[in-house]
Colleague: 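Okay, handing you the structure first.
Order of appearance sets the numbers: ligands from 1, and atoms from 1 within every ligand. All heavy atoms count here, side chains included; hydrogens, waters and symmetry mates do not. The first residue in the sequence is number 1, and the count goes up from there.
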Amino acid sequence: MSAPVVEVRGASKTYPGPPPTTVLRPTSLRIAPGEQVAVVGPSGSGKSTLLAILGTLDEPSAGAVLVDGRDVAGLRERERCALRAERIGFVFQQFHLMPTLSAVDNVATGLLYSGTRHAERRRRAAEALEAVGLARRLRHRPGELSGGEQQRVAIARALVREPGILFADEPTGALDSATGESVVALLAGIAGRGTAVVVVTHDEQVAARFSRRIRLRDGVATEQRGTAA
Ligand code: ADP
Ligand code: MG
């Protein structure tokens, strides 16, 4: 297996309370470049907690998180933010687009603070939108797009910096099943182009589309590998 993009070693999470609540039991995982992974489990099983730890948005109570082999606990807050911006993309159930900006400008915000010039940001944003099938929607604002199209804009924004890994937390939660299906197919297709994709879902049908599944129950992660549907 090639060097992991993200790795956790014995990572656990206990919220202090009172009373203290252990949400994630000690977990070790490695996610390789281009890998496609589903994290699946019922509501409250700790999926979003695990995703936040893998994505360096939250710190584990114990254990280590490594991005590109670097232990993020050793980084200053500013360095950690820079590493996250450069290497990690996020997509959420609610698309979190700026309502006043066109699709292309929304995606271009993914390149702010990357040192990319304005014209270049818009060129790359247009390219990213083409890659998610939205070449004909560049000037549309979120309110003029369907839910599935808005999620594609959010995916393009997450991908425009060409991250090593993309995390999607319940990306189909706000979509009807047919639209959700096409968004899942898009996400599964992105993996393998170099970017690892980790989709968090409570939906078994969504999880079945991914060749590697990490099953969470009461904060315990169990690996499952098999063919994708
Ligand atoms: P999932 O995404 O699988 O639905 P979460 O990771 O969001 O699960 O939450 C797992 C458990 O952790 C839930 O029981 C939730 O109430 C609890 N939890 C999440 N965040 C906090 C917090 N900040 N403080 C205390 N408990 C929390
Ligand atoms: Mg969740």
Side-chain angles (χ1 to χ4, degrees), residues 5-31 35-67 72-73 77 80-81 84 88-97 147-148 150-152 154-155 157-158 163 165-177 179-181 183-184 186-188 190-191 196-226:
V5 202
V6 172
E7 175 175 5
V8 294
R9 295 180 184 162
S12 65
K13 186 74 180 180
T14 299
Y15 290 107
T21 318
T22 296
V23 174
L24 187 67
R25 308 268 166 196
T27 299
S28 297
L29 291 170
R30 306 166 129 227
I31 300 178
E35 200 173 17
Q36 46 159 276
V37 184
V39 174
V40 63
S43 176
S45 58
K47 303 183 297 296
S48 294
T49 300
L50 175 60
L51 179 140
I53 290 170
L54 289 169
T56 76
L57 294 171
D58 196 5
E59 291 174 13
S61 308
V65 182
L66 292 81
V67 176
V72 299
E77 180 60 19
R80 190 182 319 189
C81 284
R84 190 190 305 129
I88 305 177
F90 294 95
V91 172
F92 298 98
Q93 176 172 344
Q94 306 302 330
F95 324 119
H96 299 299
L97 300 174
Q150 289 182 63
Q151 191 59 297
R152 284 168 189 270
I155 291 168
R157 179 181 55 192
I165 189 163
L166 172 69
F167 291 102
D169 195 348
E170 302 280 5
T172 64
L175 306 174
D176 64 67
S177 60
T179 308
E181 174 74 17
V183 165
V184 169
L186 173 68
L187 289 167
I190 286 160
V197 174
V198 179
V199 170
V200 160
T201 182
H202 68 277
D203 185 331
E204 291 290 340
Q205 277 181 306
V206 169
R209 296 292 302 263
F210 294 83
S211 52
R212 179 180 176 195
R213 294 178 288 279
I214 296 164
R215 220 161 258 290
L216 271 183
R217 181 164 285 276
D218 301 331
V220 177
T222 316
E223 284 276 356
Q224 198 184 353
R225 286 176 200 262

Colleague: Measure the spacing between OG1 of Thr56 and CD1 of Ile88 and express it to the nearest 0.5 Å.
Modeller: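 Between atom OG1 of Thr56 and atom CD1 of Ile88 there are 4.0 Å.
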
Colleague: Is there a donor-acceptor pair under 3.5 Å between the side chain of Ser28 and the backbone N or O of Gly10?
Modeller: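 Indeed, once roles are kept as given, a pair shorter than 3.5 Å links the two residues.
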
Colleague: Where the closest heavy atom to atom 8 (O) of ligand 1 is concerned, which of Gly17, Gly46, Gly41 has it?
Modeller: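 Comparing heavy atoms across Gly17, Gly46, Gly41, the nearest one to atom 8 (O) of ligand 1 lies in Gly46.
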
Colleague: Quick check on contacts: which atoms of ligand 1 are under 4.0 angstrom from a heavy atom of Ser43?
Modeller: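 Once the distances to Ser43 are compared, the set is 4 (O).
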
Colleague: State the atoms of ligand 1, each with its element, that fall below the 4.0 Å cut-off from a heavy-atom position in Val23.
Modeller: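 Ligand 1 atoms under the 4.0 Å threshold to Val23: 10 (C), 11 (C), 12 (O), 17 (C).
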
Colleague: Can you list the atoms of ligand 1 that are under 4.0 Å from a heavy atom of Thr49?
Modeller: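 Selected atoms, number and element: 5 (P), 6 (O), 9 (O).
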
Colleague: Among all the protein's non-hydrogen atoms, which is closest to atom 4 (O) of ligand 1, and how far away is it?
Modeller: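 Minimum-distance protein heavy atom for atom 4 (O) of ligand 1 reads Gly44 N, 2.7 Å.
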
Colleague: State the CD-OG distance between Glu170 and Ser48, to the nearest 0.5 angstrom.
Modeller: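 Those atoms lie 6.5 Å apart.
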
Colleague: Any sub-3.5 Å donor-acceptor pair from Lys47's side-chain atoms to Leu216's backbone N or O?
Modeller: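 It does not hold such a pair.
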
Colleague: How far does CG of Leu50 sit from CG of Asp58, to the nearest 0.5 angstrom?
Modeller: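 That separation rounds to 11.0 Å.
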
Colleague: Do me a favour and list the nearest non-hydrogen protein atom to atom 7 (O) of ligand 1 with residue, atom name and distance?
Modeller: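 Of every protein heavy atom, Ser48 CB, 3.7 Å lies nearest to atom 7 (O) of ligand 1.
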
Colleague: Is Ser45 close enough to touch ligand 1? Criterion: a residue heavy atom under 4.0 Å from a ligand atom.
Modeller: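 The answer is yes: ligand 1 sits under 4.0 Å from a heavy atom of Ser45.
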
Colleague: With a cut-off of 2.8 Å, does Ser48 put an N/O/S atom close enough to the Mg ion (ligand 2)?
Modeller: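 It does; at least one qualifying atom falls short of 2.8 Å.
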
Colleague: Identify the closest protein heavy atom to atom 26 (N) of ligand 1: which residue and atom is it, and at what distance?
Modeller: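 The answer is Tyr15 CD1, 3.3 Å.
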
Colleague: Using protein heavy atoms only, decide if any is under 4.0 Å from atom 15 (C) of ligand 1.
Modeller: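 Looking at atom 15 (C) of ligand 1, one finds that no protein heavy atom lies closer than 4.0 Å.
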
Colleague: Of all the atoms in ligand 1, which lie at a distance below 4.0 Å from a heavy atom belonging to Pro42?
Modeller: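 Answer for ligand 1: 3 (O).
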
Colleague: Is the side chain of Gln151 donor-acceptor paired with the backbone N or O of Thr172 at a distance under 3.5 Å, no angle test?
Modeller: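 Checked: no pair found.
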
Colleague: Is at least one protein non-hydrogen atom found at under 4.0 angstrom from atom 18 (N) of ligand 1?
Modeller: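 Given the 4.0 Å limit, the answer for atom 18 (N) of ligand 1 is yes, a protein heavy atom qualifies.
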
Colleague: Going by the angle between their ring planes, with limits at 30° and 60°, are Phe92 and His96 parallel, tilted or perpendicular?
Modeller: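 Ring orientation, 0 to 90° scale: perpendicular.
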
Colleague: Report the residue from Arg213, Arg215, Arg209 that forms a salt bridge (charged side-chain N to carboxylate O under 4.0 Å, His left out) with Glu204.
Modeller: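 Testing Glu204 for a salt bridge (charged side-chain N to carboxylate O under 4.0 Å, His left out) against Arg213, Arg215, Arg209 leaves exactly one candidate, Arg215.
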
